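I have placed the structure first, in the form of structure tokens, so that the comments after it can refer back to it.
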Amino acid sequence: MMIDIQEDAVSPNSVYVVGSANIDLRLGMKTLPEPGQTVLASTSARYIGGKGANQAVASAQSGVPTTFIGCVGDDEDGKSVLRALRESGISTGEVELMGGISTGLATVMVSDDGNNSIVVVPGANSRLSPLRARTVLNRSCDERSVVVLQAEIPYETVQTVISAGRERDSTVVFNIAPYAGFPIEIIRQVDFLILNEVEASQFLKDLGIERTSPKETASEVAKHARKGAVVTFGSQGAYWATKTESGHVPAEKVRVVDTTGAGDSFVGAFSAAIAEGKGVEESVRIGTRLAGRTVQYEGAQKVL
């Protein structure tokens, strides 16, 4: 069974996040387990998560009209996700409530030093079809829209969203996380690529390019996007590049509690700033600032 949750349409001058929504089961522990090792968790908690949902919340909290396009299960977790998104000011009229499958679930293990390891069960996220995504974008987006997506939804849907965004002349922001190799002709339709250090290394390796300095890494990635790229380096901040310029925005010095969702906060805030007409460097600064706030709290959406 599939049920559409209908709401009023959002103006096209806004952010459309196409992606995943999960329940995050957060387990706190002294150190992350090694392969074959069993460790005891000291705390456990449940939060709303999923890269798509996290990015949508960051965008909405930045003050830009934001629509989330995705799927959740017809279960209590799905209802919790919808409620949390609405409370954050996000339009959920394009979210599908799916029968016969559970809402996505992520187990997030967090060590005392703030590092994490995550395992995701896609659940209803795997049901977001290319046809559904294209239909929504064709109906809603134009040259004033920013379309944001990640790689926690089906591979074919990602490619369709990028193509549809390009056809609508929208600005397309692609966070290739978790990393997956996509045809370079698809990647070159993206306006802004956003990757972390590891993802950028994998991206360049697939192209036969050896990663060097952070600045050169961002510049190399940017060569394959229409407008530019950002590569985040955790505590080192973010390096950005366009076709004509590049720069570095240092991370704020803060006490790190939990890095979960920091990258998503960056992507959402960056995309909202781009939607508001801000330049790339200013948008990177805004994204870096919110990511710095996110790591000071437990749970991906607690601060957002």
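The model shown is predicted, which means the values in this text are computed figures rather than measured ones.
Under the 3.5 Å distance criterion, with hydrogens and angles disregarded, no donor-acceptor pair is assigned to the side chains of Asp24 and Asn22. The closest side-chain donor-acceptor pair between Asn175 and Gln150, if any, does not fall under 3.5 angstrom.
A 6.0 Å sphere centred on CD of Glu210 holds no more than 12 heavy atoms belonging to other residues, nucleotides or ligands. In the displayed structure, Lys205 atom NZ is contacted under 6.0 Å by at most 12 heavy atoms of other residues, nucleotides or ligands. Applying the 6.0 Å contact sphere to CG of Leu40 captures no more than 12 heavy atoms from other residues, nucleotides or ligands.
Val148 has its side chain within reach of Val15: a pair of non-hydrogen atoms, C-beta onward, lies under 4.5 Å apart. Counting heavy atoms from C-beta on, the side chains of Thr66 and Val57 never come closer than 4.5 Å. The closest side-chain heavy-atom distance from Leu204 to Val221 is below 4.5 Å. The shortest side-chain heavy-atom distance between Leu105 and Thr103 does not fall under the 4.5 Å cut-off. When side chains are defined from C-beta on, Arg168 counts as touching Asn138, because their heavy atoms get closer than 4.5 Å. Residues Glu276 and Val64 form a side-chain contact, since some pair of their non-hydrogen atoms from C-beta on lies under 4.5 Å apart. Contact annotation: the side chain of Thr232 never approaches that of Leu195 to less than 4.5 Å [non-hydrogen atoms, C-beta and beyond]. Between Thr242 and Ser246 the shortest side-chain heavy-atom distance does not fall below 4.5 Å.
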Give the C-alpha distance, both sets of side-chain angles, the deciding distance and a yes or no for side-chain contact (heavy atoms from CB on, under 4.5 Å) between Ile209 and His224. CA-CA 12 Å; Ile209 302 171; His224 303 282; 4.1 Å; yes

Under the side-chain contact (heavy atoms from CB on, under 4.5 Å) criterion, do Phe266 and Val230 qualify, and how do the steps go? CA-CA 10 Å; Phe266 179 94; Val230 183; 3.5 Å; yes

Step by step, work out the side chain to side chain donor-acceptor pair (under 3.5 Å) result for Asp191 and Thr171. CA-CA 6 Å; Asp191 291 284; Thr171 298; 4.7 Å; no

Steps toward side-chain contact (heavy atoms from CB on, under 4.5 Å) verdict (Ile23, Ile48): CA-CA 5 Å; Ile23 292 294; Ile48 306 302; 3.7 Å; yes

Run the side chain to side chain donor-acceptor pair (under 3.5 Å) test on Asn54 and Tyr47 for me, step by step, so that the C-alpha distance in whole Å, both residues' side-chain angles and the decisive distance to 0.1 Å come before the verdict. CA-CA 11 Å; Asn54 293 342; Tyr47 299 97; over 6 Å; no

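Between the Lys51 side chain and the Gly263 main chain, no donor and acceptor come within less than 3.5 Å of each other. For Arg26 (side chain) and Val108 (main-chain N/O), no donor-acceptor pair under 3.5 Å exists by modelled atom type. Using modelled atom types, one side-chain atom of Thr288 and one backbone atom of Val284 make a donor-acceptor pair closer than 3.5 Å. Using a distance-only test at 3.5 Å, with no hydrogens or angles considered, no donor-acceptor pair links the side chain of Ser126 to the main chain of Pro122. In terms of modelled atom types and a separation under 3.5 Å, the side chain of Ser170 and the main chain of Asp142 share a donor-acceptor contact. Without hydrogens or angle criteria, Thr92 side chain to Val95 main chain gives no donor-acceptor distance under 3.5 Å. Side chain of Ser163 to main chain of Thr160: no donor-acceptor pair is present (N/O by atom type, distance under 3.5 Å, no hydrogens or angles).
Under the 4.5 Å side-chain heavy-atom criterion for grouping Ile, Leu, Val, Met, Phe, Trp and Tyr, Leu207 is connected to Val231 within one hydrophobic cluster. If you chain together hydrophobic residues whose side chains sit under 4.5 Å apart, Val161 and Tyr155 fall into the same group. Residues Ile286 and Leu193 do not share a hydrophobic cluster, clusters being chains of Ile/Leu/Val/Met/Phe/Trp/Tyr side chains in contact below 4.5 Å. Hydrophobic clustering (ILVMFWY, side-chain heavy atoms < 4.5 Å, transitive): Val119 and Leu32 are in distinct clusters. Val190 is connected to Ile184 through a chain of hydrophobic side-chain contacts under 4.5 Å among Ile, Leu, Val, Met, Phe, Trp and Tyr, so both are in one cluster.
Taking OG1 of Thr67 as the reference point, atom CD1 of Ile69 lies at 6.5 Å (rounded to 0.5 Å). Taken to the nearest 0.5 Å, the CD atom of Glu185 stands 11.0 Å off from the CD1 atom of Ile162. Ile101 CD1 to Cys71 SG: the interatomic distance, rounded to the nearest 0.5 Å, is 9.0 Å. Atom CH2 in Trp240 sits 9.0 Å away from atom CZ in Arg285 (nearest 0.5 Å). Interatomic distance, CG of Asn196 versus CD1 of Ile176, reported as 10.5 Å (0.5 Å rounding). For the atom pair CZ (Arg289) and OG (Ser265), the distance works out to 13.5 Å, reported to the nearest 0.5 Å.
Under the side-chain contact (heavy atoms from CB on, under 4.5 Å) criterion, Pro33 pairs with Met29, Gln37, Val39, Met109, sequence neighbours left out. For Arg46, the salt bridge (charged side-chain N to carboxylate O under 4.0 Å, His left out) partners two or more places apart in sequence, or in a different chain, are Asp77.
When all heavy atoms of Pro214 and Gln236 are compared, the pair lying nearest together is CG-OE1, 4.4 Å. Minimum interatomic distance between Ala21 and Asn125 (heavy atoms only, all atoms of both residues): N-OD1, 2.9 Å. Closest approach of Pro178 and Glu152 over heavy atoms only: CD-CG, 3.4 Å. Closest heavy-atom contact between Gly279 and Ser283: O-OG, 2.7 Å. The shortest heavy-atom contact between Gly287 and Ala269 is CA-CB, 3.8 Å. Nearest heavy-atom pair across Ser20 and Ile153 is N-CG2, 3.9 Å.
Salt bridge absent: Lys215 and Glu220 never bring a charged side-chain N and a carboxylate O closer than 4.0 Å. By the 4.0 Å N-to-carboxylate-O rule, Lys79 lies close enough to Glu76 to be salt-bridged with it. With respect to Arg127 and Glu96, no salt bridge is recorded, no charged nitrogen being found less than 4.0 Å from a carboxylate O. One finds a salt bridge joining Glu167 and Arg134 here, because a Lys/Arg side-chain nitrogen approaches an Asp/Glu carboxylate oxygen to under 4.0 Å. Remark: Glu94 engages Arg132 in a salt bridge, criterion side-chain N to carboxylate O under 4.0 Å. A salt bridge does not link Asp112 to Lys30: none of the charged side-chain nitrogens sits closer than 4.0 Å to a carboxylate oxygen.
Ring orientation note: the planes of Tyr239 and His248 are close to parallel, at an angle under 30° on the 30°/60° scale. Using a 30° and 60° split on the angle between ring planes, Phe270 and Phe192 fall in the perpendicular class, above 60°.
For an aromatic pair to be called close, the ring centres must be under 6.0 Å apart, and Tyr16 with Phe68 fails this.
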